[in-house]
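Per chain, numbering begins at 1; letters A, B, ... match sequence-line order.
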Amino acid sequence: MKSEPDEFSIDDLISRKKGTTYWEGIRNYQARNFMRDEMQIGDGVLFYHSRTRPLAVVGTMNVAGEPYPDPSQFDPKSKYFDPKSTKDNPRWILVDVQFTSRFNPPVTRDRIRETPGLEDMMLLKKGSRLSIQPVAEQEWKIIHELAGVEPK
DNA sequence: GCCAACGTTGGC
DNA sequence: GCCAACGTTGGC
């Protein structure tokens with residue numbers, strides 16, 4: 001899962017109660033579908049900082065709950081407000097995520113790019129803007145090796 | 001901050 | 001259902 005650290009960083013996540021937050025503001029159907037249809041409670045998630053220096057995976061999270069409607073879509077004061085969404089038929093679905101580890105130092109995208117076994121990661125594809133992307137089991141392991149952390 | 005690549009919208 | 005116009009993303 002990507003986030004611009006100016007908007008929401010891993011430090012922001014850690015400072016939340018129980019290190020848990022709802023991943024609000026996703027307004028892309030493919031990304032929504034991952035949260036709604038693919039993610040299971042307990043699944044590991046890489047936390048990636050985009051639009052910053054360095055671009056990097058900065059830690060990990062767990063999926064912490066079942067999918068439910070993103071509350072911000074109903075809030076006219078929110079920048080994520082969606083006037084076309086209704087409570088009966090909500091458009092945007094999210095999951096809660098919980099902090100599990102921080103990578104020190106972060107695993108940079110440059111490093112990911114030069115590591116054998118990671119060349120297929122969506123993150124490296126040109127023009128890949130999807131803010132929630134699948135990660136293969138083997139990729140998860142290799143990223144953890146690069147981080148010097150035992151994968152869970 | 002720029003701008004190419006991408007996703008969505010809406011008129012037809 | 002096509003596709004031009006528009007808005008957004010994200011690497012640089």
Length of the line joining I132(A):CD1 and dC6(B):C1', which is rounded to integer Å: 17 Å
Plane angle bin for F103(A) and H144(A) - parallel if under 30°, tilted between 30 and 60°, otherwise perpendicular: perpendicular
For atom CG of N28(A) and atom C1' of dT9(C), their distance in whole Å: 10 Å
Residues S9(A) and D12(A): side-chain donor-acceptor under 3.5 angstrom: yes
Euclidean distance, atom CZ of residue R129(A) to atom P of dA5(B) [Å, nearest integer]: 11 Å
Inter-residue atom distance E66(A).CD - D96(A).CG, 0.5 Å rounding: 10.5 Å
Ring centroid separation Y68(A) to W92(A) under 6.0 Å: no
Side-chain donor/acceptor of R27(A) to base of dT8(C), under 3.5 Å: no
Protein-nucleotide distance (D110(A), atom CG; dC12(C), atom C1'), rounded to Å: 12 Å
d(CE, M122(A); C1', dT9(C)) in whole Å: 15 Å
Contact list for DNA chain B against residues 79-97 of chain A - heavy-atom distance below 4.0 Å: K84(A), R91(A)
Nearest-angstrom distance from the residue atom CG of L123(A) to P of dG11(C): 7 Å
Separation of L46(A) CG from L123(A) CG (nearest 0.5 Å): 9.0 Å
Spacing between L130(A) atom CG and dA5(B) atom C1', to the nearest angstrom: 14 Å
Contact under 4.0 Å: K126(A) side-chain N or O vs dG11(C) OP1/OP2: no
R32(A) vs dT8(B): side-chain N/O to OP1/OP2 distance below 4.0 Å: no
Spacing of CZ belonging to R113(A) relative to CE belonging to M121(A), to within rounding of 0.5 Å: 11.5 Å
For I10(A) against F47(A), the heavy-atom pair lying closest together: N-CZ, 3.6 Å
Nearest-angstrom distance from the residue atom CD of Q30(A) to C1' of dT9(C): 14 Å
Phosphate OP1/OP2 of dC6(B): any Y29(A) side-chain N/O under 4.0 Å: no
